[in-house]
Amino acid sequence: MKSQTIEQMLSDWMRDAFLKAFPDMAGQGLTVSVVPTGSEEHGDYQCNQAMALGKALRKAPRQIAEAAIKAAAPHAAVAGAEPAGPGFINIRLRTEWLASVAAAIDSDARCGVPASGDGRSVVLDYSSPNVAKPMHIGHIRSTVIGNALDRLHRFLGYRVMSDNHLGDWGTQFGIMIMGYRNFADAEALKAEPVEELERVYVRSYERSQQDPDWLTQARQELVKLQAGDPENRRLWEEFVRLSMVEFGHIYDRLDVRFDLVRGESYYNDRLAGVVETLKAKGIARESEGAIVAFLEEEKLPPCIVQKSDGAFNYATTDLATVASRVAEFKPDKIVYVTDERQQLHFRQVFALCRRLGVTTDLEHVWFGLMRLPEGTFSTRQGNVIKLEKYLDEAEARALAVVKECSPDMAPERQKDVARAVGIGAVKYADLSQNPQSLVVFTWEKALAMDGNSAPYLQYAYARIASVLDKYAEQAPGKRLADFPIALGEPIERTLAVKLARFPEAVTRATETYKPSALADYLYDLAQTYSSFYQNVPFLKAPEGVRESRVRLCGVVAQVLRQGLKLLGIETPERV
RNA sequence: GCGCCUGUAGCCUAAUGGACAAGGCAUCUGACUUCGGAUCAGAAGAUUGCAGGUUCGAGUCCUGCCAGGCGCGCCA
């Protein structure tokens, strides 16, 4: 199979046809795009270029379409092209060609996906929780979406450096240290370290709001920490260590790994240099005691890079981080996955980077905040759902369903399956919708096990695995790959068209930073498969037809497994 | 006040400027002596927030308004 998506292949083909029919268009930068049709009655792919060219060519679009079709060279993949409506060109693929594509996917570990990343490198910055606070469900979107983008980029052949940019530095540590010294409970610290750190922080924070002396002391502790005071430094290291242990448990459960874990503190000794450079280049100057970069040209509000008390802030850290990454990894792009509140911040940082001469492509992939039906999360209202609890609940609900549906399965196995299904459901709930939409959290939605959900996809996969096993029992010694795939039934052809679109789905999901595009595709594929499964006999079909259909099942399984893997979702052989 | 984002059946969500707006949940009707019913087949449910505009063609682009969310020099 050619390392090119069908869209690209047909677009090139139609472009040649248009240029042959209308040679005057050459050199005018004519771009012709072919897209999947919305409905099968319009063929498999369609080209809408004729209508767009109507004015330029001063001809009826319908005539243009007819001329382009007439000029089109024969193509091995194309059964025919027809004009339709005002000037659509509907393209039908050859069924035999589709069968050969399905067979090619069957023998290709990449399922036909081109390695379009081509060795380009990307730094992916995601998850990035704050130290000394438990991860809650607000953190899951960055983690899950970022990890899917990580997997997608790697699969497409990018060199990925994933970095967990921990919030391990900042003014909160003065308050933390005061809280730890005065309120920490040794036993609680042993049992649930991060919970205790948070409790201590909240208590100290409340005190600081009422007691100016407390606040002053906290500020002094912060200054000592930043000056390298050994005792405060030791405490801070302990906070980071305890937090990392707990984050590690969550990342293990979510099967998330980072190449780098460099918190904000890693860049501390570069901050002064960043501000010096900004000043030297005339990008930032003193204003009301602070050092401020004015971004009027970019029509952005001013950005403070050094506070009037001499301390640096978030923007400074991010500038130092970019400089460090550019120098060390020379990436083609750096991608940040954070919530929507940081849009302005990153636009300011990116603008400053450009002024500093950074040419690396900088992308901010933002997603909508997660909220509860009754409003935003807040520690004060005590309605924060801890990530740990969320995952526990997901696994518990999945276990109940597994026990009901597969009572004969060994209990250990049931637990394994419940883990895969529960975590899968949680991830899919976040990955299956446009990241930028605002999410209102409900247990019902987050842990859906039917309809458009991970368990639906996992169920479809497990049924295929079961079919393949049954076939092996029924026809021992036969090699499926020795039999050709024939697409006799319309539903089989439909299935093959969808299988052939897997590379398009993966490519689009990656390029648009929307894993939801892949999730949509997989659900659509699984729906088509389920219909096929329910309505067409295969193990009972005559030999030859049986092999073709079972083989087709196998291709679907392979695409489902690979696709879900790219979303970070497991596919157990049995559920 | 300024800026960014979001408004699609009762609910949740799809839809590269293209054909009749596509699914799921819930509701209703069917399908297990037959390959796993976490399924399938079907029904019903929509002036795509409102009003203009651009275009051969607008849920999608532009302008104004309404509603909600988020942000806007010393938090990160």
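When reading the values below, keep in mind they use all heavy atoms of this one structure, side chains included, and skip hydrogens, waters and symmetry mates. Below, read A as the first sequence line, B as the second, and so on, with proteins coming before strands; counting in each chain starts at 1.
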Between the protein and nucleotides 67-70 of chain B, list every N/O to N/O distance that falls short of 3.5 Å.
{"from": "B:G69", "atom 1": "O3'", "to": "A:Arg371", "atom 2": "NH1", "distance (Å)": "3.4"}

Expected rows: protein N/O vs nucleotides 24-26 of chain B N/O, under 3.5 Å:
{"from": "B:G24", "atom 1": "O2'", "to": "A:Asn452", "atom 2": "N", "distance (Å)": "3.4"}

Produce the list of close N/O pairs, under 3.5 Å, pairing protein atoms with atoms of nucleotides 43-47 of chain B; give distances to one decimal.
none

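Listed nucleotides B:C20, B:C35, B:A19 differ in distance to A:Lys470; the shortest reach to its side chain belongs to B:C35. In this structure, the nucleotide among B:C35, B:A38, B:G73 sitting nearest to the side chain of A:Val575 is B:A38. For A:Glu288, the side-chain atoms get nearest to B:G73 when compared with the rest of B:A41, B:G73, B:G36. Checked against B:A38, B:A76, B:G18, the side chain of A:Pro455 finds its nearest nucleotide in B:A38. Comparing atom distances between the A:Arg574 side chain and each of B:G36, B:G73, B:U13 picks out B:G36 as nearest. Across B:G36, B:A76, B:C35, the shortest atom-to-atom separation from the side chain of A:Ser406 is found for B:G36. The side chain of A:Leu344 lies closest to B:C72, out of B:A38, B:G3, B:C72. The listed nucleotides are B:U39, B:U16, B:C74; the one nearest the side chain of A:Pro36 is B:U16.
For A:His364 and A:Phe350, the ring centers sit 6.0 Å or farther from each other. Ring centroids of A:Phe532 and A:Phe538 are separated by less than 6.0 Å, placing the two rings close together.
Here B:U55 sits opposite no nucleotide as a Watson-Crick or G-U wobble pair (both hydrogen-bonding atom distances under 3.5 Å). Pairing for B:U27 is with B:A43, a Watson-Crick or G-U wobble pair whose two hydrogen-bonding atom distances lie under 3.5 Å. Within the shown strands, B:U6 is the pairing partner of B:A67 under the Watson-Crick or G-U definition, both distances less than 3.5 Å.
Only the P atoms considered, B:U29 is 42 Å distant from B:G17, to the nearest whole Å. Between the P atoms of B:A67 and B:C28, the separation comes to 38 Å (whole Å).
Atom-to-atom, CD of A:Gln534 to P of B:G30 comes out at 18 Å; the value is rounded to the nearest Å. Between the CD atom of A:Gln436 and the C1' atom of B:A14 there is a distance of 15 Å, given to the nearest Å. In this entry the distance linking CG of A:Leu522 with P of B:G23 reads 18 Å, nearest Å. Atom pair A:Arg285:CZ and B:G73:C1' shows a separation of 12 Å (rounding to whole Å applied). For A:Lys498 and B:A22, the NZ to C1' distance is 11 Å, given to the nearest whole Å. If you take NZ of A:Lys133 and P of B:C75, they are 14 Å apart, rounded to a whole angstrom. Atom pair A:Asn535:CG and B:G30:P shows a separation of 19 Å (rounding to whole Å applied). Nucleotide B:G17 holds its C1' atom 15 Å from the CG atom of A:Leu53, rounded to whole Å.
B:C35 has its base stacked against the ring of A:Phe538, the centroids being under 5.5 angstrom apart at an interplanar angle below 30°. With centres under 5.5 Å and a plane angle under 30°, the ring of A:Phe88 is stacked against the base of B:A19.
A:Ser531 comes within contact range of the sugar-phosphate backbone alone, with a heavy-atom separation under 4.0 Å but no base atom that close. At the heavy-atom level, A:Ala52 lies under 4.0 Å from base atoms of the strands shown. Residue contacts for A:Asp524: at a heavy-atom cut-off of 4.0 Å it reaches no nucleic acid atom on any strand shown.
No salt bridge links A:Glu504 with A:Arg508; every basic N to acidic carboxylate O contact stays at or beyond 4.0 Å. A salt bridge links A:Arg397 to A:Glu393: one of the charged nitrogens lies within less than 4.0 Å of a carboxylate oxygen. Taking 4.0 Å as the cut-off between side-chain N and carboxylate O, A:Asp469 and A:Arg574 count as a salt-bridged pair.
Looking at A:Tyr336, A:Tyr267, A:Tyr266 one by one, the single match for ring pair (Phe, Tyr, Trp, His ring centres under 6.0 Å) with A:His165 turns out to be A:Tyr267. A side-chain contact (heavy atoms from CB on, under 4.5 Å) with A:Tyr529 is found for exactly one of A:Leu495, A:Leu560, A:Leu552, namely A:Leu495.
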Next on the checklist: Show, in sequence, the C-alpha distance, side-chain angles and deciding distance for A:Tyr456 and A:Gln527, and conclude whether the side-chain hydrogen bond (donor to acceptor under 3.5 Å, both in side chains) test is met.
Outcome noted: CA-CA 9 Å; A:Tyr456 176 94; A:Gln527 274 191 128; 5.1 Å; no

Item to check | Stepwise salt bridge (charged side-chain N to carboxylate O under 4.0 Å, His left out) check, A:Lys279 with A:Glu286 | outcome: CA-CA 9 Å; A:Lys279 285 201 289 198; A:Glu286 193 274 335; over 6 Å; no

Item to check | Stepwise side-chain hydrogen bond (donor to acceptor under 3.5 Å, both in side chains) check, A:Glu41 with A:Ser39 | outcome: CA-CA 5 Å; A:Glu41 62 192 281; A:Ser39 143; 3.2 Å; yes

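The phosphate of B:G3 (OP1 or OP2) has no side-chain N or O of A:Arg347 nearer than 4.0 angstrom.
No donor-acceptor contact under 3.5 Å links the side chain of A:Asn48 to the base of B:A19.
Scanning both residues, A:Ser437 and A:Arg141, for their nearest heavy atoms gives O-NH1, 3.3 Å.
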